Amino acid sequence: MVQQFDLFVIGGGSAGVRLGRIAAGYGARVGIAEGRFWGGTCVNIGCVPKKLMVMAAEYRGAFDDAVGFGWDVNGHTHDWTRLISARNREIERLAEIYRHLLDRSGAVVFDDYARFSDPHTVEVGGEYVRADRIVIATGAVPTRLDVPGGEHAIVSDDLFHLTDRPERIVIIGSGYIAVEFASVFAGLGSHVELVYRQPMPLRGFDPDLRSALAEAMVANGIILHPSAQLARIEPLTGNRRAVALTDGTQINSDCVLMATGRAPNVARLRLDRAGVAVTPSGAISIDARYQTSVPHVFALGDVTDRLNLTPVATAEGHALADTLFGGKARHVSLANVPTAVFSIPPVATVGVGEDTAPSGSRIFLTQFTPMRHSLSGRKHRRTMMKLVVDGDSDVVIGVHMIGEDSPEIVQGLAVAMTAGATKSDYDRTLGIHPTAAEEFVTLRTETRVVGGRSAGEE
Ligand code: NDP
């Protein structure tokens, strides 16, 4: 007999699990399929294991800093295998929790890939199921540049299965993944070279953040190759690789990581059988209500390639469950979504950067050496904070920080931005002393005006 559901969710990642759980809680008959791992990319081969690895890498600086505070730290070495097995244990625990939450919610769980056989029928694990509504939440997969020898590079999925830490690694790209893993490997002791086509890393972020990050990466021993293009990769003996750039530079390494973006994960879905339309880049087209070209089929999260962040996917899953089964129609605003790059030091941001701010916006900027480094003696460990303030309304429209704890600090300020805080609201807020965060409420001197004069100019 064909099982019949009110809702069938394809994909058990951040969006799918939240949607399935909340919809089942509203009493909907829910089926959900996941063929790889519950919790999806973020839990298994993304945000969570990555952050544990960043934490491991941060100890390098902490050991060095401790000496300035009177500690004797004699010879510290790192055991990759111990880190990886501890990390894997934690990830297995979390993935199990995700699956368990679904089971408990009453959803019917399928541990297999699903694909359409017609607009209302899905084939999963050798059986056919029918649903009134079907939601695609299959995320994205890493892509490779099409260059000779591209197959000799690894992608981010493979990073989580490396049995040894490469002594020398070349990373292609300067987006989130490239910058974060450059920091991880440099912190754990690898020689890291970063090859990217922009003059500065992290395209799309505020220009001052980008230059401060480049400076910090150099201070961490990372070799930068800005404005560079990969020409080819050649295998050498063993695992060794030769990376050739178009300007003739050759870099030898033990590993090449291509961190050059991700593509919507639609290959197995047989979308043609449901008639679901995709954009030229292969993303599923949706409207403001997450509806695809087929009215009873919806899509959420990275497979729609808009703002590919876990909290966006999770929030969208919840909003769609509320809309379809909770009697509360709503969608998630993608305005002012805060984001962080877990480089060392981390970068965090919400709102517009100076380069995209309206003319007349007022810029407030401060840079300083964090208090810790007055004793640690660590050089080039600058914190930078910046506010972009609308010139007419006084509303703070951009908050940017690079420095220790920046993601924790900017998360709080994102609340203020959502609430529409003005610069005078910041000014009448008292600081917590002594912290770095208090600088955000004591910025009094305007640095410059967008499209106008700089401070000190006549
Ligand atoms: P990104 O889109 O962030 O970065 C892709 C990088 O590859 C850019 O530097 C881009 O250069 C470069 N690139 C793309 N095409 C080419 C090309 N043809 N030649 C040379 N360089 C190229 O992708 P990632 O893979 O780093 O991450 C994927 C997404 O996952 C992120 O965008 C983000 O949404 C999410 N993510 C979020 C994290 C977080 O929240 N902390 C962590 C990790 C991932 P250019 O800038 O010039 O286009």
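In each ligand, atom 1 is the first atom listed, and ligand 1 is the first ligand listed. None of these values were measured; they are calculated from a predicted model.
Legend: residues meeting side chain to side chain donor-acceptor pair (under 3.5 Å) with D111, ordered by chain and number and at least two apart, are W38, R99. The salt bridge (Lys or Arg N to Asp or Glu O under 4.0 Å) check on E167 picks up R165, with sequence neighbours excluded. I402 meets the side chain to side chain contact (heavy atoms under 4.5 Å, CB included) test with L209, A212, L213, P345, V347, M384; sequence neighbours excluded.
Listed by chain and number, residues touching ligand 1 at under 4.0 Å (heavy atoms only) are K50, L145, G173, S174, G175, Y176, I177, E180, R197, Q198, R203, Q229, A259, T260, G261, R262, N308, L309, A340, F342.
The structure places OG of S253 at 8.5 Å from CD of E193, a figure rounded to the nearest 0.5 Å.
Between R60 and D65 there is no salt bridge, since no side-chain N of the basic residue sits under 4.0 Å from a carboxylate O of the acidic one.
With hydrogens and angles disregarded, a donor-acceptor distance shorter than 3.5 Å links the side chain of T447 to the backbone of L365.
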